[in-house]
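One structure below.
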Amino acid sequence: MLTTTALAGTQADHAVAAVKQLVAEGALSAGAALRLTVKQGNLASFLGEDNQLKIEWEAATGTVIDARVMPQLASRAFIRRDDAVDLTIARSHETPDLVSEGLVAPLTPLFERFGFSLPDAPPDGYVHVRQQALFNEQIVAIPADGDSALLYLRRDLMDDPARQASFQARFGRALAPPRTWAEYQALVAFFDRSAEGFFGALEPRDTLTGWMYWMPRFLATARPGQYLFDESMRPAIDSPEGIAATESYLATLAHSPAGVLKEGSDYSYTLPLFLAGKGFSTIITVAAAKLANNPASQVFGKVMVVPMPGRVVAGRVVPHPTLIYGNNLVIPARAQNKALAFLFAMWLTDPDISVRSVGGAGGFTDPYRYHHFDDPRIRAAYGGAFLDVARAQLPYVAPAGTGLPGDAAYLKALSENLSLAAHGEQSAAEAMRKTAIEWEAITERLGRQAQIGHWLRFRAAFPVSTSTPMPAH
Amino acid sequence: MRLSTSPTGITLRTRLLISLVMVGGVVLALLGMAGSISSQSTDRAQAVLDAQVQPLVVLHGLKTRLHRIRESEVKLALTQDFFAAFSRHERLIAERKAFAEALAEMGGAPSATPAHVLERVEALWVQYDDALVALGKPVMEMRMDEVARIATYDTAVRFAALSSALDRVAEETRLAAVESVEQASLAQHRQWRNLRLIAGVGSLAFVLWVIWLWRALFGRLLALKAAAVTLAAEGRAELDTSGHDELSALAQAFDVMQTRVQAREFALRGAQGELEARVLLRTSELFDANTRLLREADERKRAEQQLALLSKAVEQSPVGILITDTEGGVRYANPAMLAVSGDPQGLVIGRLARLFDPAVTPPALVSEMLRRLEAGHDWDEELEMDRPDGTRYWAHVSLSPVMESGGHTTHYLVLSEDVSLRKAHEAQILYRANHDALTDLPNRVLAMDRLNQALLHAERCAGRAALLFIDMDNFKLVNDRFGHELGDRLLINAAHRIRGLLRAGDTVARHGGDEFLVILENVGSSDAAANVAESVREAFAEPFDVSGNEVFVTLSIGAALYPDDGNTSSALLRNADLAMYQAKDAGRNSWRFFESRLHDATAARMEIEACLRGALERGEFRLEYQPVGDTASGRIFGAEALIRWDSPVLGAVAPDRFIEVAERTGLIVPIGDWVIETACRQAAQWQRDYDPGFHMAVNVSPRQFRSSEFAARVAQLLSQHGLPAHTLIVEVTEGLLLHDPAEVLKIFETLIDVGVRLAMDDFGTGYASLRYLKHFPFHTVKIDREFVRDIATDPDDRVLVDTAIRMGRSLGLTVVAEGVETPEQLEILRGFECDLIQGYYLSKPLPANDFQPFLDRTRVLSA
């Protein structure tokens, strides 16, 4: 299913022809409206610069796109509330809940009906099909945004000879991008000047998104093959590895502004600070490169991205990035024009169309097909060096969340306990112990056997390359 | 019979030719002029189109762009996601660029609008654009409160000014168009007058030609006819055949008719052929004229196509367009207008427009609109309109009169655009600007506005209003214990509880932090305000359930009445605040009315505070030293440093007046630091010059004592001046020990580690002195002068002092008696084995320069 299937013409041509066929057969009325609802930051990507993609689609198919902006809600809450949507977006970790609660339509029947596939190999396949599109080996989403975490550092400070000498004298090694979270913590502390308003780390620590910054730490700290749960769905985080990851998660707080603990202080709080030159490091997707690569930015030319910290194997780094946001296209179960929504999604993510979607101005959809990383227009927008690092990291990207029905509940328990620890109200060990207890209760409530099945299938989405060192680049 | 002949000798053919040419010329001239007038009429119609409708469309396009910019910035202020905010800001930049280009294009195009008006528009756009540029920085820093502030207070006014200026351009354009229409009308009138004149002359010429032809042709033919009749009757008629024209020839031919019939027929055929040639010529001329008429018809068709294009543009315009007659009856409504107004297509045409219907739109507004339109002016306003289904919406409505060539208004043009979304956003921003985000109560700004309204109402009704200033007594403890999130929830619950106690017309507002304001209108007497204050206080006797935690808080409430306690909102606020502090001073969990003496005391404190700021830098402080002597030996043990302030404004200010102010404002910390440093330096000098065991006592205020670096600073000064630590005595009062004794004890231990000695000052004046002496590691206790003063005459005081000295000694403390003034007092204290004495008996406090001589002549205490 994941291999390329021969199509008549391009993916986009095939989608347009299918729409015309539906209209000719009377299965779709001429001038039918596709109700598309996406986040404001994605609107320009999905409709094109000056609505060019929208205009092309409408001219080619005779249908119209009724585009609206999605409110600031989780997809689960939004889809439950609004029944007038044919096509919308959901983050990768949200899909298990959406599918298991019957809120989105399974897409495999539509792929089979119209003869499409999701190629996952170079030169132009989707980069994270298994992590973004599948649940229980069924296609439930179409990848449209490749959001894996990257570490941003201040290159000008790293290149400063005086700081290099000071670092060498203090740590006995050269100042270099961190390979492990311990090295990252040392860098954060070294560059921190909180009293002067310059912070070593600008990682969000709010309750809603805190787990995103804990997860790569755990994966890097855990033993190879140790995931969030064992094969009996017993939590593996109430362990020395889980506690170490949590302590690493908490350690940056001494070098971060107090505001990171405030509710709602996600990247909208930390990223502006970083772009204003008030911090040494931050963690976010490659989307931020578009802003840092803007000549109007205060940190233009002063920023570098490096792979996420991980572990060192045979002297070479094995990064442990994870997907964090990652907006995928999903079709609500109550959508009235499912076929039209599906065909538009396939048209939009066509190799040629998607290049214009990702490379266009005003949007923040990140590269999600292999050839995006080589496209001159996209490289100009993001900066080639940023994309090269993001691409080199691709084989190591782990999926987001737990991949389980009940993901929201699992992550809520984890994030709330991390938040309590971050506020100094409990220790790292206590946070892991309480999270494990709550996870056990959730698993029991949802049915252990069923969860075990989901979990074993989801584990297959973890990269197999985590024991292979990253090639030098 | 004789035929008259042509006197000129010109042939009849020539005459006929000349006549035909003349008639043809007149006809051609008339056709040419009519064609010219028709063509120019078409041009003028186009000119009217250019001068009136198209500039209005261009201007409306600019206004639409302007409103789009405004809508974008308002939406921007409501954006919470950084990437979304960045995208929206990029879009706003693009819209600004597009507007600037459209404005430049309008300025560069030929226009009847005066240049200074366009320059004014461009200047206002630059101002508005500058304000929009200022959005960039807060957007990049995600300071959306600042974005909202700019959108509410900076750009809104500039947007409105620019919008008004565009309206003025429209008005100027319309006036210029009216003038051009009038000029065109005059020109057309002149042309028609000329045409009528030429037509008249042509007609006259035609009549003359007919008369001349009658006389020249038919007169002679009648003569010929008479000759023929005569010929028929008499056989032959005598004809005058002289002359040279055709009739003469006819006469001659007739004359020889019988004999030369063939010749006569031939002559007649020749004449006939000649006539046919003339007919052909005339037909050709008519064909040419017909061709010109067809060309003119084509020109008219092109004009009609242009009008059809304009009509299509109006039909498809996203802006609602309605055309009514001057009675308000709808003649046309485009689809956008029907979509905005919700009116069904079939039911609108011919009916009175809802905008002009007094049953729908306020009659006064309808009258105002009609008055302006009838005066030939535009009307522009934003109105809240009803739809037939009962829903309401906001529309930006522009009305313009449509005039015919003569300047007479024939129709009204209505442009309408739905601006409900922008109005809703503006209302949302205004609400956010006036309400507290946490409790949803009115914020301080709105509260002051409500208070001013209440005062105006009270003034008009000669009534009373009241302001309650509410402060939570122990909110900080709640915050410290449970965290800010639970603290915030407590504030929300408290706001609900207060709100639930009040009338609908009363106002509860959040003044800031844990402070609330209650504004009571129409309070008949102070009792009513007192009842409210008491009910609010009592309502907080019940604990709050904050996320499962039972939290008790109490309130301190200050009340001020209008007009009794102030005539202005600021005076009432200040006085209610003062009254609240009085309630706090009275032990909290209570309420107080404002008293004017409070205000006087506060004013005095504020004056002291103002003078106190900078006093240290200006060198207005000095120290005096009161000696402390050994009771048994009479030797001078040391001195207590006492601060003095010589204010150039207030004169000499007693310490009890300014120390409290310094303590409250925090100025006590640098002042106290100066005291210790000066005293240490002086003590070191006297140790060198007089006695190495000389002790120096300094008073330390609670705030200075609790400052984080106090102990370290003392150690530094001791080291800096080479003063042995045990010779410095830090004196504190019981008040310091009342709050957070654990923290105080910790600082005590730190100071003891440094090596300094600790003394309890003013012993006996507090509440639990004995307990403090036991629990805190003091070295010295100083018995307050109040007890020492009457020791010689009051047995009770004598017993008290004796007890205090015994107790202090039993705890291993050095006992100092303060306020010793007489030998009798000294004698008694010596009998009680008091260690040290201090007071006027030894000396009043002395400046440093006088203290040295005092040491030199140290008196021995009388034995």
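What you see is a predicted model, and the numbers here were worked out from it, not measured in a lab. The sequence lines fix the lettering, A, B, ..., with proteins before strands; numbering per chain opens at 1.
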Does [atom1] in [X] sit with more than 12 non-hydrogen atoms of other residues, nucleotides or ligands closer than 6.0 Å?
| X | atom1 | value |
| --- | --- | --- |
| Arg392(B) | CZ | yes |
| Arg706(B) | CZ | yes |
| Lys54(A) | NZ | yes |
| Lys423(B) | NZ | yes |
| Leu208(A) | CG | no |
| Glu315(B) | CD | yes |
| Arg387(B) | CZ | yes |

Point to revise | Test side chain to side chain contact (heavy atoms under 4.5 Å, CB included) applied to Leu291(A) and Phe83(B), step by step | key: CA-CA 9 Å; Leu291(A) 301 176; Phe83(B) 289 116; 3.9 Å; yes

Exercise for review: Can you label the angle between the Phe86(B) ring and the Phe364(A) ring as parallel, tilted or perpendicular, going by 30° and 60°?
Suggested key: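 Aromatic pair Phe86(B)/Phe364(A) classed perpendicular.
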
**Study point:** Most chain B-contacting option - heavy-atom pairs closer than 4.5 Å, from Leu43(A), Leu271(A), Asn42(A)
**Key:** Leu271(A)

Gap between atom [atom2] of [Y] and atom [atom1] of [X] - 0.5 Å precision:
| X | Y | atom1 | atom2 | answer |
| --- | --- | --- | --- | --- |
| Met140(B) | Gln298(A) | CE | CD | 8.0 Å |
| Glu263(A) | Asp488(B) | CD | CG | 11.0 Å |
| Met144(B) | Ser268(A) | CE | OG | 9.0 Å |

**Study point:** Option that, when pairs with chain A are counted at under 4.5 Å, heavy atom only, ranks first among Lys137(B), Glu90(B), Glu141(B)
**Key:** Glu141(B)

Review point. Contact part of Leu261(A) toward chain B, heavy-atom cut-off under 4.5 Å: side chain, backbone, both or neither?
Key: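 Nothing of Leu261(A), per the 4.5 Å heavy-atom cut-off to chain B.
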
Check your understanding: Quick one: what part of Ala287(A) sits under 4.5 Å from any heavy atom of chain B, side chain, backbone, both or neither?
Key ->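 Both backbone and side chain.
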
Check your understanding: At a heavy-atom separation under 4.5 Å, does Arg91(B) approach chain A through its side chain, its backbone, both, or neither?
Key ->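 The answer is the side chain of Arg91(B).
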
